[in-house]
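See structure below.
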Amino acid sequence: MNSYISDELARLTQAGLARSMRLVESAQGPVVLMDGQEVQLLCSNDYLGLANHPAIKEAAIRAIEKWGFGAGASRLVSGTMPPHVALEERLAAFKQTAAALLFNSGYHANLGCITALCNRTTDVFSDRLNHASITDACVLSRARVRRYANRDVDGLERLLKKSTAKTKIIITDGVFSMDGTLAPLADIAGLLDRYNATLILDDAHATGCLGEHGRGTLERFNIKHPAIIQMGTLGKALGSFGAFIAGGKNLIDLLVSKSRPFIYTTALPPAVAATAIKALDIVEAEPERRARLHENAAFFRDGLNRAGFDTLGSETQIVPILTQDAARTMEFSKRLLKKGVFIQGIRPPTVSAGTSRLRASVSAAHTKAGLTSALNAIIETLNERD
Ligand SMILES: *Cc1c(COP(=O)(O)O)cnc(C)c1O
């Protein structure tokens, strides 16, 4: 085993695929401390600036005083507590569904929902750019997986036409996490009745951000359909941790009885649920955060486009900057950090060869001055000779 570990590590390092973590030495926010230096953080999913919001911290502290910290066991054993139940009611109302069920992360929510609904007789139709947790869940479910090209509704329909499976499930991200583009949800929703299919919508990057009230991509496109199951996370725009599935009452009852990542894991700490409730209060009471998020994203994107950079069709707060070559991309990311701008470089296998990119994400908490200095540093760095 020891030689396997060192060989595998050497292989990854040689292929340029070894990963490492960068230490952020302050609370999350638009500006953080790294190596004792203040840097503009352009790679967080804390889109509304809630991760370090005073009201969220206060809600956590109050909940800890009342409920303690740990949940003690699985929700089905001894772990279900009033904050879990209250949060699920809030999430169902927020997503305009009959019910919702908490999971310990978005990864678990996708795993728990997909493995409970799919088996060897299911045909799953999955967008090629879907999140890794969806890919993993599909493998574990043993469903027959048909992948269609990113956002290619005609390709999806061709696959649906050919399918003879009784259960057909389409799965798509609402916002694609490496491109910042939107799924063609109106067209996909139009296929559900025709092919008797169900849609699982992963709204990790849209929940709290898109639509008039921040309900997500369905609100953004004004879509309502009973055959749509929504997943959302609490760890991104809501500044907390955990995730949920929202849908019909029967669906949620089935998940409670059958979803292994729900059954066989300790419940979220009740204080975590309490912070998510507070985050929903803020999302509902302060639409100006969402307005500022979109304004900041447009400002940042326009600045890059005007300087001649390709942002790969981004329509949201996720703004990729195409840099193509993997090694150059990582070098750009390093140089930018030296100039006080933290943006992750994304390379294969996360994205396909030749499409490496700097993936920026913008927050409502960024200032125009901060974004301007980040833009200047990016433009300068990308125009430098190697
Ligand atoms: C982040 C993300 C997840 C996982 O959510 P976590 O709560 O961070 O585990 C799932 N799907 C998509 C599209 C994501 O971006």
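As the structure lists them, so they are numbered: ligands from 1, and atoms in each ligand from 1. We use all heavy atoms of the structure for the numbers below, so side chains are in, but hydrogens, waters and symmetry mates are not.
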M231 heavy atoms within 4.0 Å reach ligand 1 at atoms 10 (C)
for atom 13 (C) of ligand 1, nearest protein heavy atom and its distance come out as D202 OD2, 3.3 Å
Do you know which two heavy atoms are closest between R357 and M178, and how far apart they sit?
-> NH1-O, 2.9 Å
Within the side chain of T275, is there an N or O that forms a donor-acceptor pair under 3.5 Å with the backbone of I56?
-> no
Of all the heavy atoms in H108, does at least one lie under 4.0 Å from an atom in ligand 1?
-> no
How far is atom 5 (O) of ligand 1 from its nearest protein heavy atom, and which residue and atom name does that atom have?
-> G106 CA, 3.2 Å
E157 and its salt bridge (Lys or Arg N to Asp or Glu O under 4.0 Å) partner, picked from K168, K162, R194 | R194
Salt-bridge criterion met for D152 and R128 (N-O under 4.0 Å) = no
Could you tell me which atoms of ligand 1, counted from 1 in the order shown, lie closer than 4.0 angstrom to a heavy atom of T233?
-> 5 (O), 7 (O)
Which ligand 1 atoms does H205 reach within 4.0 Å, using its non-hydrogen atoms?
-> 14 (C), 15 (O)
Close-contact set for ligand 1 against S133 heavy atoms, below 4.0 Å | 10 (C)
Ion pair present between E58 and R62, side-chain N to carboxylate O less than 4.0 angstrom?
-> yes
Residues, nucleotides or ligands: over 12 heavy atoms within 6.0 Å of N222 CG = no
Do the side chains of I318 and L182 join up, straight or via other hydrophobic residues, at under 4.5 Å, putting them in one cluster?
-> yes
At under 4.0 Å between heavy atoms, what of S105 touches ligand 1? The answer is both
Check ligand 1 against D173 and write out every atom of the ligand that is under 4.0 Å from a heavy-atom position of the residue.
-> 13 (C)
Salt bridge or not for E315 and R151, using N-O below 4.0 Å?
-> yes
Is D203 salt-bridged to R215, going by a charged N under 4.0 Å from an acidic O?
-> no
Is there a heavy atom of G235 sitting under 4.0 angstrom from any atom of ligand 1?
-> no
A student checking ligand 1 against A204 at a 4.0 Å heavy-atom cut-off should list atoms 2 (C), 11 (N), 12 (C), 13 (C), 14 (C), 15 (O)
Is the shortest N/O to N/O distance between S177 and ligand 1 below 3.5 Å?
-> no
Quick check: does K236 get an N/O under 3.5 Å from an N/O on ligand 1?
-> yes
